[in-house]
Amino acid sequence: MSATPRPISLAGLNPEQRQAVVHSDGALMIFAGAGTGKTRVITNRIGHLVTHRRVPAGRILAVTFTNKAAREMRERVDGLIPKREAVKGLTVSTFHSLCVRVLRDDGHHLGLPQNFSIFGESDQKGLIRGILTDLAVDMPPAQVLAAISLAKNRLITPEGYPEENADDSFIKSVYQRYQTLLAGMGAVDFDDLMLHAIRLFSTFGHVKVGWQRRFPHILVDEFQDTNQAQYTLLRQLWDGSGSLAVVGDDDQAIYAWRGAEADMFARFAEDFPKARKVVLTQNYRSTSRILAAAGGVIEKIPGRAEKRLWSQLGDGPKIGLIVGTDADDEATRVVEDLNVACFAGRHELTDFAILIRTNAQSRPFEAALRQAHIPYVVVGATGFFDRAEIRDLTGYLRFLNNDADEAALRRIINVPRRGIGAQGMAAAARYAADHSVPLFDAMDRAVAAPDTVPGVSGGARAGFAQFIDLTAQLRFDFERGDMVAALHRLIEQAGLKEYWQDTADTPRQGELRLEGALELARMLARYVQRAQEPTLTDFLSHLSLLDRLEDDKDSKGRVTIITLHAAKGLEFPNVYLAGMEEGFLPHTRSVEENRDVAEERRLTYVGITRAQRRLVLSHAQSRSRYGERLKRTPSRFLDDIPRHLIATPDDEPEGTNQELAANFFSSVKNLFD
DNA sequence: TTTCTGGGCCTACAT
DNA sequence: GGCCCAGAAA
């Protein structure tokens with residue numbers, strides 16, 4: 001037993017923050033405007049529970065939006081409580097990670113195998129594409145998938161899916177079939193993680209009670225972006241003993257398209273009428289001008305609950321406005337400004353972020369930064385896991401973990417080339433469907449007894465045989481021995497290394513692929529070292545649940561390019577909000593679909609409030625798309641920012657000429673020191 | 001006949 | 001980078 005740690009000090013907190021931290025049992029809502037010290041409140045609340053109220057850390061669950069946020073929160077709690085042991089057993093995780101844990105432990109009650117696969121977006125699309133092909137319907141899989149995903153986030157089962165019109169009935173039938181296929185493969189998709197956990201808790205009371213007892217104290221970050229499924233899970237998980245604290249900012253709700261409800265706080269207040277309310281309004285991040293600009297944009301939302309943020313950080317510089325003739329010009333001007341500001345203000349490159357609406361916007365900025373020899377990171381763009389070699393390797397790992405995982409099997413069956421094509425696979429699939437056996441069994445039979453599976457050519461049969469031998473050997477390697485060594489053998493001996501080199505466009509690309517593969521091997525090695533009981537299943541879960549924010553390079557000494565959605569929760573001294581024009585903010589899709597532009601307004605608000613000191617808005621007068629030149633108009637939200645906050649060409653930049661000159665000479669001098 | 005290869009097209013926001 | 005289609009290659 002560890003000695004009781006010394007109670008943490010609450011001296012640095014303002015009165016509202018302190019209320020939120022020391023609130024005892026029951027429901028608690030914390031309205032935390034941008035930059036008002038939300039994470040501080042959560043971590044201090046955890047610290048307070050542990051050190052003042054002697055709650056064992058293992059009884060506390062903190063739910064965050066991303067794994068990255070979870071890791072940061074854990075680190076901050078560690079920093080708060082010097083006695084490490086006191087926080088041992090604390091659970092900080094995302095909803096999805098928590099559900100994986102629940103389902104690995106207790107999913108067998110639902111008939112879910114312990115080694116179930118987790119399907120990502122491309123697996124889902126592949127599955128849907130297959131169904132649509134079977135039904136001879138020509139339709140983009142993404143559209144059907146979006147409908148299914150939205151239904152799941154709203155807790156609508158295939159049986160409960162509406163049949164009001166032909167479209168609904170069609171989606172319903174695809175949805176039903178999709179779920180059957182997933183179940184047959186021992187697989188769940190991302191949304192299912194939530195749904196299955198909910199079903200598990202509602203069907204098996206004793207399982208629910210077990211988890212409830214485990215976490216009497218629950219804290220939820222970014223509560224405004226919780227969807228119906230997540231909220232339901234939360235309500236199942238909390239039995240009313242202990243405390244349930246939800247923290248968030250309805251002005252920063254930007255995930256309605258993912259099934260988050262318009263006003264989660266209102267729902268919470270209805271469900272827990274006795275909930276204590278705390279509102280945090282003192283902003284510790286931004287200058288008054290930035291807050292005024294943000295306020296101008298957000299205040300226009302009809303029916304919004306007014307809360308005025310204030311700060312003591314002074315006016316700061318005026319807000320910059322950069323207008324480019326086209327996307328490249330916008331980027332060039334932004335980078336020029338960034339260069340000067342970095343130099344004049346004696347900033348680090350880390351202090352700068354370029355915020356974009358869509359990933360496609362990053363290209364011109366990357367080009368301009370490269371041209372200026374300024375290092376940068378694009379956060380969460382084409383992720384590590386989208387790379388061909390990584391998908392090949394994880395395909396193998398997934399198949400070895402669960403040989404019913406058809407998506408993985410199809411990915412790797414002809415990698416490296418084994419002479420198996422569409423015809424061979426179609427023949428095997430036909431047999432599998434006719435005889436209700438898994439696809440892999442059909443392949444196995446085609447090899448063992450060639451005549452039983454019609455339509456498989458000699459070449460394909462030889463390929464199947466080769467694949468079966470290889471995976472049998474690999475499975476043995478992974479189950480018996482050192483997983484890291486087994487992965488290296490897979491890369492070296494299964495022909496993948498040669499395959500990646502041979503199919504690369506340039507030798508350099510081949511090298512990069514091998515490096516990518518070795519990076520995955522290092523990730524496995526790190527996992528094996530850290531985990532108490534390393535398993536392939538568990539490692540794969542970790543990989544599936546990694547968020548796109550996590551695989552980014554260290555941003556030290558680099559400018560950050562990041563989407564508005566991914567930037568939520570972050571802050572930078574200098575922020576460029578790019579593409580402030582109709583089409584991006586608000587996005588064309590939100591206008592076309594006649595959706596509420598309020599969410600676009602909130603997204604702009606999120607962008608503005610990332611800035612600590614200097615904010616620059618930029619837009620382009622035209623953009624070319626598919627060779628076409630499109631004229632662009634400035635965003636309507638620009639009109640909502642009070643004119644006097646925006647710098648005119650006559651205004652002095654942050655650094656005066658003298659300062660500029662002084663900095664120049666001192667940096668030249670540094671070169672010689 | 002089946003697999004392989006090259007070129008055109010397209011791509012919100014993401015756990 | 002993936003998908004789809006057309007034509008080359010085995």
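Values below: every heavy atom of this structure, side chains too, minus hydrogens, waters and symmetry copies. Chain letters run A, B, ... following the sequence lines, proteins first and then strands; every chain starts at 1. Since the structure is predicted, the reported quantities are computational estimates derived from the model, not experimental observations.
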In whole Å, I'd like the distance from the CG atom of A:L545 to the C1' atom of B:dT15. 8 Å
Can we say A:D225 and A:K568 salt-bridge, meaning some charged N sits less than 4.0 Å from an Asp/Glu carboxylate O? yes
Stems of at least 3 consecutive Watson-Crick or G-U wobble pairs (donor-acceptor distances under 3.5 Å) involving DNA chain B, listed by first number, are B:1-10 with C:1-10
Just N and O in the side chain of A:Q124: are any of them under 4.0 Å from OP1 or OP2 of B:dA14? no
Could you state the atom-to-atom distance from CH2 of A:W500 to P of C:dG1 in whole Å? 13 Å
Check this one for me: any side-chain N or O of A:T563 less than 4.0 Å away from OP1 or OP2 of B:dA14? yes
I need the CG-P distance between A:D123 and C:dC3, as an integer number of Å. 11 Å
Would you classify A:Q509 as touching base, sugar-phosphate or nothing, given that sugar-phosphate means primed atoms plus P, OP1 and OP2, and contacts are heavy atoms under 4.0 Å? sugar-phosphate
Ring-on-base stacking B:dA12 with A:H587 (under 5.5 Å, under 30°): yes
Does the pair A:S122 and A:R391 meet the rule for a side chain to side chain donor-acceptor pair (under 3.5 Å), with working shown? CA-CA 10 Å; A:S122 64; A:R391 299 179 58 145; 2.7 Å; yes
Please evaluate residues A:S618 and A:E330 with respect to the criterion side chain to side chain donor-acceptor pair (under 3.5 Å), reporting the C-alpha separation (whole Å), side-chain torsions for both, the decisive distance (0.1 Å), and the verdict. CA-CA 7 Å; A:S618 76; A:E330 177 195 22; 2.7 Å; yes
Can you say whether the rings of A:F65 and A:Y255 are parallel (under 30°), tilted (30 to 60°) or perpendicular (over 60°)? tilted
Salt bridge flag under 4.0 Å for residues A:R363 and A:E366: no
Work out how far the P atom of C:dC5 is from that of B:dT11, and round it to whole angstrom. 16 Å
Between atom CZ in A:R357 and atom P in B:dA12, what is the gap in whole Å? 11 Å
At under 4.0 Å between heavy atoms, what does A:S457 touch on the DNA or RNA strands: base, sugar-phosphate, or nothing? nothing
Between B:dA12, B:dT3, C:dC3, which nucleotide has the shortest distance from any of its atoms to the side chain of A:Q423? B:dT3
For a quick check of understanding: with a heavy-atom distance under 4.0 Å over all strands, which category does A:A460 fall into, base, sugar-phosphate or nothing? nothing
Expressed in angstrom and rounded to an integer, what is the separation of A:H565 atom NE2 from B:dC13 atom C1'? 4 Å
A:F65 CZ to B:dA14 P, straight-line distance once rounded to whole Å: 10 Å
Hydrogens and angles aside, do A:T537 and A:N401 bring a side-chain donor and acceptor to less than 3.5 Å of each other? yes
Atom CG of A:D392 and atom P of C:dG1: how far apart are they, to the nearest Å? 11 Å
Looking at C:dG2, B:dT15, B:dC13, which one has an atom nearest to any side-chain atom of A:T358? B:dC13
Going by an N to O cut-off under 4.0 Å, is there a salt bridge joining A:D640 and A:R601? yes
Honestly, is A:R410 close enough over A:F399, meaning NZ or CZ under 6.0 Å from the six-membered ring centre and within 45° of the axis? no
Close approaches to DNA chain B from residues 408-421 of chain A, in residue order (heavy atom, under 4.0 Å): A:N414, A:R417, A:G419, A:I420, A:G421
Checking A:D192 now: which residues fulfil salt bridge (Lys or Arg N to Asp or Glu O under 4.0 Å) with it, not counting sequence neighbours? A:K152
Go through C:dC3, C:dG1, B:dT15 for me and flag the one nearest to the A:R129 side chain. C:dC3
Any idea which of C:dC4, C:dG2, B:dA12 is nearest the A:R391 side chain? C:dG2
Answer yes when A:E582 and A:R623 have at least one side-chain N-carboxylate O distance shorter than 4.0 Å, and no when they do not. no
Base, sugar-phosphate alone, or nothing: which one does A:G459 contact when heavy atoms must sit under 4.0 Å apart? nothing
What contact category does A:Y255 fall into here, base, sugar-phosphate, or nothing, at under 4.0 angstrom with non-hydrogen atoms? sugar-phosphate
Flag the pair A:D392 and A:R513 as a salt bridge only when some basic side-chain nitrogen lies within less than 4.0 angstrom of an acidic carboxylate oxygen. no
Write down the distance separating the C1' atoms in C:dC4 and B:dA12, rounded off to the nearest Å. 23 Å
Report yes if a side-chain nitrogen or oxygen of A:N359 is closer than 4.0 Å to either non-bridging phosphate oxygen (OP1 or OP2) of B:dA14; otherwise report no. yes
Whole-Å distance separating the CD atom of A:E222 from the C1' atom of B:dA14: 14 Å
